[in-house]
Participant: 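Starting off with a structure, shown below.
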There are 2 protein chains.
Amino acid sequence: MLTRKIADSTVRRLAIYLRFLEEFERQGADTLSSEALAARAGTTSAQVRKDLSFFGSFGKRGLGYDVHALARQLRNILGLTRRYRVLLVGAGRLAGALTQYAEFGARGFDIVVVVDKDPAKIGMRWAELVIADVTDLENIVKRARIDIAILVTPAAPAQALVDRLVAAGVTAMLNFAPVQLHVPAGVDVKNVNLAVELETLSYAIQHRGSS
Amino acid sequence: MLTRKIADSTVRRLAIYLRFLEEFERQGADTLSSEALAARAGTTSAQVRKDLSFFGSFGKRGLGYDVHALARQLRNILGLTRRYRVLLVGAGRLAGALTQYAEFGARGFDIVVVVDKDPAKIGMRWAELVIADVTDLENIVKRARIDIAILVTPAAPAQALVDRLVAAGVTAMLNFAPVQLHVPAGVDVKNVNLAVELETLSYAIQHRGSS
DNA sequence: TCCTGTGAATTAGTTCACAGCG
DNA sequence: CGCTGTGAACTAATTCACAGGA
């Protein structure tokens, strides 16, 4: 793993390429050019080749890429050859939707625990999951061997929860709360802010025709 | 609106600054430095000033920014001085979570219609919303004067639905389906791919310590 | 003095263009 | 040939650093 710093945009595109490779795989394609993959993924062939080149030479000149082999390589690169144990922090409606989100499971992410602080929710069952008490967060993280936490809480308690998660040894988090979380080096946080996405659309609507 | 092309990353940050400005506003702060705003938003003061400078000079040298005035400016820039009528395409669990997502309403995005193709769902009530038949998509878009569509469907039908939405006059969409959508110029699509976010985390986990 | 606003310098990311291998 | 892999060229984004107004 001699990889120097790879841009986040590159990693995202690799994940997207993998999706389309698997689609081509299902359609029975054996070989694929960077051009064809780029068309599907909405980028350019040079971008595809450059992205892949950071990790090795996976193609055959004059031919393209072996669909199966490249998919396998991308799964290796992305760390998708194992399964991850995911904790949901917050048992609201978005959390409920995420537990049912089939794509997570298909890609190796298993939601194994949900915690909340609301006594009315604690003990409730969501399919095979039972909502646990956030008070026990540290024990749960350890006993359930959590790899990744997904924060689906209001903004206010998010930082305190992150501090507890970090102290308990969680090093990767996906944050839906609209706050900037502070974590020590060695811990990765990715933010998803749905309202911000809509606001970039409202910006675009506002600034039409002024090109 | 003399604005030349502004980077997407800049627009996102403006939306984030606005959040923190409103937080400072609630706490009764009147004035704020780029440094303080940057600290809260997880960036640098130079970045804050540069982002704002694309749109004007909003600060006072030696003092900082007037919190209220800057918030008002950002709402102008982002097009948040009006409300937007939003259509949800797909009535799954994620859609259900989005209808309850208070932040949307707080920021001016009103979900006014939900459509689905499942006869078992059509006619069901979600609070004040009644799930409509996607067959009537074109009429609904027009009658409900839809500004923005949110696609919360499986990958397969997404492109066909987008084509219908575009034909019906929708020019801004937020896409949760894991496909690359093709739209004509003048139509904006933002993608949210939750599985890709988790995959960037699995990449980060995989590539630890190899810096 | 303090902190903004902004050109200039730097760094990062993308695209070009072609050598080289199958 | 055809298509990859990759330096080189270019473009975009961020950071620096400081002039100048409050």
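Because the structure is a prediction, the values reported are computed rather than measured. We name chains A, B, ... by the order of the sequence lines, and we start the count at 1 in each one. Quick note: numbers below take in every heavy atom, side chains included, and nothing from hydrogens, waters or symmetry partners.
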Participant: With the side chain counted from C-beta on, respond yes when B/Val113 and B/Leu129 share a heavy-atom pair under 4.5 Å apart, and no when they do not.
Facilitator: no
Participant: Show the atom names and distances, to 0.1 Å, of all donor-acceptor pairs under 3.5 Å that link a side chain in residues 184-199 of chain B to residues at least two apart or in another chain.
Facilitator:
| unit_1 | atom_1 | unit_2 | atom_2 | d |
| --- | --- | --- | --- | --- |
| B/Asp188 | OD2 | A/Arg208 | NE | 3.2 |
| B/Asp188 | OD2 | A/Arg208 | NH2 | 2.9 |
| B/Lys190 | NZ | B/Asp8 | OD1 | 2.9 |
| B/Asn191 | OD1 | B/Asn175 | ND2 | 2.8 |
| B/Asn193 | OD1 | B/Ala195 | N | 3.3 |
| B/Asn193 | OD1 | B/Val196 | N | 3.2 |
| B/Glu197 | OE1 | A/Arg12 | NH2 | 3.1 |
| B/Glu197 | OE2 | A/Arg12 | NH2 | 2.3 |
| B/Glu199 | OE2 | A/Arg19 | NH2 | 3.1 |
| B/Glu199 | OE2 | A/Arg107 | NE | 3.4 |

Participant: Hey, can you pull the residues of residues 22-37 of chain B with a non-hydrogen atom under 4.0 angstrom from DNA chain C?
Facilitator: B/Ser33, B/Ser34
Participant: Would you please name every residue forming a ring-ring contact (aromatic ring centres under 6.0 Å, His included) with A/Phe104, sequence neighbours left out?
Facilitator: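 Applying ring-ring contact (aromatic ring centres under 6.0 Å, His included) to A/Phe104 gives A/Tyr101.
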Participant: Set out, line by line, the N/O atom pairs under 3.5 Å between protein and nucleotides 12-14 of chain C.
Facilitator:
| unit_1 | atom_1 | unit_2 | atom_2 | d |
| --- | --- | --- | --- | --- |
| C/dT14 | OP1 | A/Arg13 | NH1 | 3.1 |
| C/dT14 | OP2 | A/Arg13 | NH2 | 3.0 |

Participant: To the nearest angstrom, how far is B/Arg49 atom CZ from C/dG7 atom C1'?
Facilitator: 13 Å
Participant: Taking ring-ring contact (aromatic ring centres under 6.0 Å, His included) as the definition, give me every residue that meets it alongside B/Tyr65, ordered by chain and number, with sequence neighbours left out.
Facilitator: none
Participant: Could you work out, with ring-ring contact (aromatic ring centres under 6.0 Å, His included) as the rule, every residue matching A/Phe58, not counting sequence neighbours?
Facilitator: none
Participant: Taking the six-membered ring for Trp, are A/Tyr84 and A/Phe109 parallel (under 30°), tilted (30 to 60°) or perpendicular (over 60°)?
Facilitator: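 Ring orientation, 0 to 90° scale: parallel.
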Participant: Working to the nearest 0.5 Å, report the span between CD of B/Gln73 and CG of B/Leu52.
Facilitator: 9.5 Å
Participant: Bend angle of the helix from C/dT1-D/dA22 to C/dG22-D/dC1 from five-pair axes at both ends, rounded to 10°?
Facilitator: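 Computed from the C1' atoms at both ends, the axes differ by 10°.
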Participant: For A/Arg164, check salt bridge (charged side-chain N to carboxylate O under 4.0 Å, His left out) against everything at least two apart and list the hits.
Facilitator: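 Partners of A/Arg164 under the salt bridge (charged side-chain N to carboxylate O under 4.0 Å, His left out) test: A/Glu138.
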Participant: Grab the OH-P distance between B/Tyr17 and C/dT4 for me, whole Å please.
Facilitator: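 The answer, rounded to whole Å, is 12 Å.
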Participant: I need the minimum non-hydrogen distance between A/Ala158 and A/Ala177, along with the two atoms involved.
Facilitator: CB-CB, 3.9 Å
Participant: Any luck finding a side-chain donor-acceptor pair between B/Gln159 and B/His182 under 3.5 Å?
Facilitator: no
Participant: Decide side chain to side chain contact (heavy atoms under 4.5 Å, CB included) for B/Ile6 and B/Asp51; before the verdict, give the C-alpha distance in whole Å, the side-chain angles of both, and the deciding distance to 0.1 Å.
Facilitator: CA-CA 9 Å; B/Ile6 300 295; B/Asp51 287 339; over 6 Å; no
Participant: Mind checking salt bridge (charged side-chain N to carboxylate O under 4.0 Å, His left out) for A/Arg83 and listing every partner two or more places apart, or none if nothing turns up?
Facilitator: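 A/Asp110.
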Participant: For A/Leu21 and A/Val67, run side chain to side chain contact (heavy atoms under 4.5 Å, CB included): C-alpha distance rounded to whole Å, both residues' side-chain angles, the deciding distance at 0.1 Å, then the answer.
Facilitator: CA-CA 6 Å; A/Leu21 276 171; A/Val67 173; 4.1 Å; yes
Participant: Under 4.0 Å, heavy atom to any atom of DNA chain C: which of residues 59-66 of chain B qualify?
Facilitator: B/Gly59, B/Lys60, B/Arg61, B/Gly62, B/Leu63, B/Gly64, B/Tyr65
Participant: To the nearest 0.5 Å, what is the distance between CD (A/Gln206) and CG (B/Leu80)?
Facilitator: 8.5 Å
Participant: Identify the 5'-most and 3'-most nucleotides of DNA chain D with at least one atom closer than 4.0 Å to a non-hydrogen atom of chain A.
Facilitator: D/dG2 to D/dA8
Participant: For residues 143-157 of chain B, dump all side-chain donor-acceptor pairs below 3.5 Å to protein atoms at least two apart in sequence or in another chain.
Facilitator:
| unit_1 | atom_1 | unit_2 | atom_2 | d |
| --- | --- | --- | --- | --- |
| B/Asp147 | OD1 | B/Arg82 | NH2 | 3.2 |
| B/Asp147 | OD2 | B/Arg82 | NH2 | 3.1 |
| B/Asp147 | OD2 | B/Arg85 | N | 2.7 |

